[in-house]
Amino acid sequence: QSDTLLGFLTIQESLTYTALLTLQKCSNDFIKKKVDAVMAELSLSHIADKIIGSRIFVGISGGERRRVSIAAQLLQDPKVMLLDEPTTGLDCLTANQIVSLLSELAHRDRIVIITIHQPRSELFRLFDKIAIMSFGEMVFCGNPMEMITFFSDCGYSCPEQSNPFDFYVDLTSVDTRSKQRELETYSRVQVIVSAYKNSEIFSKGLAAIERTKCMKELAPIPYKNKDSPSAFYKSWILLRRTTRNFSRDKMGITMRLLQNLLFGLFVALFLLRLRNDLVKGAVQDRVGLVYQCVSALPYTGMLNAVALFPPLRAISDQESKDGLYKMWQMLLAYIVHFLPFSVISVAIFSVFMYWTTGLYPDASRFGIFFAVVLASHIIGELLTLVILGVVQNPNIVQGGVVLLNSAGVIVGTGLVRTIEEMPTPFKILSYLTFQKYSSEILIVNEFYGLNFTCGKSNSSTAISAVCIFSHGIQFVDKNFPDAVSRFTINFLILYAFLPGLAIIAILSFKMRDRIIGRQ
C-alpha cells in the first residue's frame with residue numbers, strides 16, 4: 001500500500017516510527033540497526049534521508065515507494081507476506097526490480113504470495129509456484145516448467161516469441177463479448193480444469209498438503225508480535241509521527257494559524273469600529289459580529305479536519321489491519337496534535353477581533369470571548385472527526401458538516417429568529433446545538449452592563465422609534481430571556497460538548513476498526 005505513507009517524513013523516519021510501533025522495550029540503537037538492516041536489504045540506504053512525497057509534491061519514485069511499503073512490513077518480521085499487484089503502475093524495469101526483490105525475500109525463510117498484473121516474460125522463472133484462477137476455479141498450480149509441460153500436453157504450446165504469462169492467462173480467460181464466444185471459451189476453461197484435476201501435478205499437490213496436515217510437530221507460523229508496546233506508548237509514538245509529518249508542511253502550518261485571522265480581517269474591515277449609538281447600528285453590528293463568530297469559527301475547524309485527517313485515516317486503516325495499533329489511537333494522537341494549533345489560531349483571532357472592533361473593554365470579558373470561540377472552533381473539528389469515522393468520502397463529510405453547522409446556527413442561536421417564537425420541535429432541537437450556548441454566552445458577555453445612546457438630543461420621532469433600548473440588558477431580556485441567570489450553566493454545557501464529542505469520535509473509530517477488521 002504505497003499510497004498509505006506520510007509524505008513529509010523521510011524514509012528513515014517513516015520506518016523508524018513503524019519499528020517503534022512494532023517493537024517493545026528495545027533500545028534506540030537496536031531499532032536503528034534493525035531499520036538500517038531492512039533498508040540495506042531493500043536497497044534504500046542511499047536515499048534514507050529523502051522525503052517520501054505525495055501526489056501534491058514530488059518525493060521518491062513509485063518503485064521506491066513500493067520498496068518502503070515492503071520495508072515497513074519486513075520490520076514486523078512476517079513469515080507470510082501477501083502483496084496485491086505490487087507492480088501495478090510501475091514501468092517494466094522497476095516492476096522487474098520489485099519482483100526480483102520479492103523473489104530474494106522468498107528464499108530467506110519467508111512465504112511471499114503476490115497477485116501480479118501483466119508481468120514481463122523475464123520474470124517467469126523467478127516464481128517457485130504459479131497459480132491461475134478463472135471464475136473462482138483453480139485452472140493450474142505448479143512451478144513454471146510444470147506449467148509449460150501441462151499446457152503443451154493439453155495442446156496449447158506457448159509460441160517462442162510470446163510471453164508465457166500473457167498466453168496462458170488469455171487461454172484461461174472467458175470472453176464475454178458475445179454469448180457464443182462466452183460458451184466456447186468457458187467450455188475450453190472447463191476442459192483445462194478437468195485435465196488439471198486429473199494430472200499428476202494436481203495429485204502431487206494434494207499429497208503434499210495431506211503430509212503437511214499430519215505434521216503435528218510443525219510449529220504454527222506467527223502472524224503478529226504478541227509482545228507489542230502498550231496502548232499509551234503507541235499513542236505517544238503516533239503523536240510524535242503526526243507532529244513530525246505536519247511540521248514540515250510550512251504552508252499548511254501558516255494557513256492553520258492565520259486562517260481565522262484572515263476571516264477576522266475581513267469582518268473588521270467591514271465593521272470598522274463598534275459604536276454605542278443605536279441610530280448607527282450599535283445593536284445590529286454587535287449581533288452580526290456574534291453571529292459570524294458563532295458560525296465561522298466552527299467551520300474553519302471543520303475545514304481543518306476534512307483537509308488533514310483523511311490521509312491519516314487511510315494510513316490507520318491499513319496499519320490497523322497489520323496489527324500495529326488501533327484506529328482510535330491515531331484519532332487520539334491527532335486530537336492532541338491539533339489542540340495547540342487551535343489555541344494559538346483562535347488566540348490570534350480573538351486578540352485582533354476583540355480589541356480592534358471595540359467590544360466591551362474588559363480583560364475578563366475578553367477571556368470569556370476567547371474561551372467560547374475556542375470551544376466552538378474545537379467542537380467543529382471534533383464533530384467532523386465523528387462523521388469521518390462513519391462516512392468514507394471526505395466530500396460528503398464536508399457537505400454534511402456545513403449543513404449541520406448552518407442548521408445549528410439557524411435553530412440554536414436565536415439570531416435569525418428568536419427561540420421563543422420558534423415551533424416547539426425546533427425549540428427542543430435548539431438545546432442539542434452548541435451554537436445555542438455559545439451565542440447566549442457571547443450576547444450576555446457583550447451586552448450586559450452596556451449603555452446605548454440615541455443620536456442627538458433633538459432627535460425626531462422616527463429616530464426615537466429605533467431607540468427602544470437604552471441599556472444592553474434590556475436587549476438580552478427581550479430576546480434571550482433568563483440568559484443572564486443561565487450564563488454559568490451555558491458555559492459548562494458548552495465545554496461538556498468537548499469530551500462528549502471526543503468520546504463519540506473514539507467510539508465511532510472503534511466501530512470502524514471492527515468493521516474493517518472483518519473485511
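As a basis for the values below, the full set of heavy atoms in this structure was taken, side chains included, without hydrogen atoms, waters or symmetry mates.
- Residues satisfying the ring-ring contact (aromatic ring centres under 6.0 Å, His included) criterion with W236, sequence neighbours excluded, are absent altogether.
- The shortest distance between side-chain heavy atoms of L82 and I114 does not fall below 4.5 Å.
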Apply side-chain contact (heavy atoms from CB on, under 4.5 Å) to I253 and F341, showing your working. CA-CA 8 Å; I253 289 177; F341 287 96; 4.0 Å; yes

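- For E13 and K50, the salt-bridge test fails: no basic side-chain N is under 4.0 Å from an acidic carboxylate O.
- Atom OH of Y17 and atom CD1 of I237 lie 7.5 Å apart (nearest 0.5 Å).
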Residue pair I51, R248: steps toward the side-chain contact (heavy atoms from CB on, under 4.5 Å) verdict: CA-CA 10 Å; I51 298 293; R248 290 207 174 98; 4.0 Å; yes

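- Legend: residues meeting ring-ring contact (aromatic ring centres under 6.0 Å, His included) with F309, ordered by chain and number and at least two apart, are Y334, F509.
- Looking only at side-chain heavy atoms (C-beta outward), L83 and I70 come within less than 4.5 Å of each other.
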Set out, in order, the CA-CA distance, both residues' side-chain angles and the distance that settles side-chain contact (heavy atoms from CB on, under 4.5 Å) for K326 and S320, then state yes or no. CA-CA 5 Å; K326 300 295 183 182; S320 64; over 6 Å; no

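- Distance check: L385 CG to N304 CG gives 10.0 Å after rounding to the nearest 0.5 Å.
- Applying the ring-ring contact (aromatic ring centres under 6.0 Å, His included) test to F8 and every residue at least two apart in sequence or in another chain returns F57.
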Please evaluate residues T115 and D84 with respect to the criterion side chain to side chain donor-acceptor pair (under 3.5 Å), reporting the C-alpha separation (whole Å), side-chain torsions for both, the decisive distance (0.1 Å), and the verdict. CA-CA 5 Å; T115 60; D84 185 16; 2.8 Å; yes

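- Residues I493 and F497 form a side-chain contact, since some pair of their non-hydrogen atoms from C-beta on lies under 4.5 Å apart.
- In this structure, D513 CG and Y325 OH are separated by 10.0 Å, a value rounded to the nearest 0.5 Å.
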Might you work through the side-chain contact (heavy atoms from CB on, under 4.5 Å) test for N260 and L297, ending with a clear yes or no? CA-CA 7 Å; N260 291 321; L297 271 295; 3.2 Å; yes

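- Within the 4.5 Å cutoff, side-chain heavy atoms of T16 are placed close to those of Q12.
- By the 4.0 Å N-to-carboxylate-O rule, R108 lies close enough to E41 to be salt-bridged with it.
- F127 pairs by the ring-ring contact (aromatic ring centres under 6.0 Å, His included) definition with F165, not counting sequence neighbours.
- A salt bridge links D36 with K32; the closest basic N to acidic carboxylate O contact falls under 4.0 Å.
- Ring geometry for F366 versus W355: interplanar angle of 30 to 60°, hence tilted.
- Contact of the F246 side chain with the L312 side chain is registered, since non-hydrogen atoms from C-beta on lie closer than 4.5 Å.
- The side-chain hydrogen bond (donor to acceptor under 3.5 Å, both in side chains) test applied to N245 returns no partner, not counting sequence neighbours.
- No donor-acceptor pair under 3.5 Å is formed between the side chain of T433 and the backbone N or O of L429.
- How far CD1 of I506 is from NZ of K510: 7.5 Å, rounded to the nearest 0.5 Å.
- Using a 4.5 Å cut-off on side-chain heavy atoms (C-beta onward), Y448 and V476 make no contact.
- For the atom pair I335 CD1 and M330 CE, the distance stands at 12.5 Å (nearest 0.5 Å).
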Exercise answer: donor-acceptor pairs, residues 388-405 side-chain atoms, under 3.5 Å, sequence neighbours excluded:
| from | atom 1 | to | atom 2 | distance (Å) |
| --- | --- | --- | --- | --- |
| Q392 | OE1 | R512 | NH1 | 3.4 |
| Q392 | OE1 | R512 | NH2 | 2.6 |
| N393 | OD1 | N395 | N | 2.9 |
| N405 | OD1 | Q435 | NE2 | 3.1 |
| N405 | ND2 | S295 | O | 2.9 |

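- L274 contributes atom CG, which lies 5.5 Å from atom CG of L359 (distance to the nearest 0.5 angstrom).
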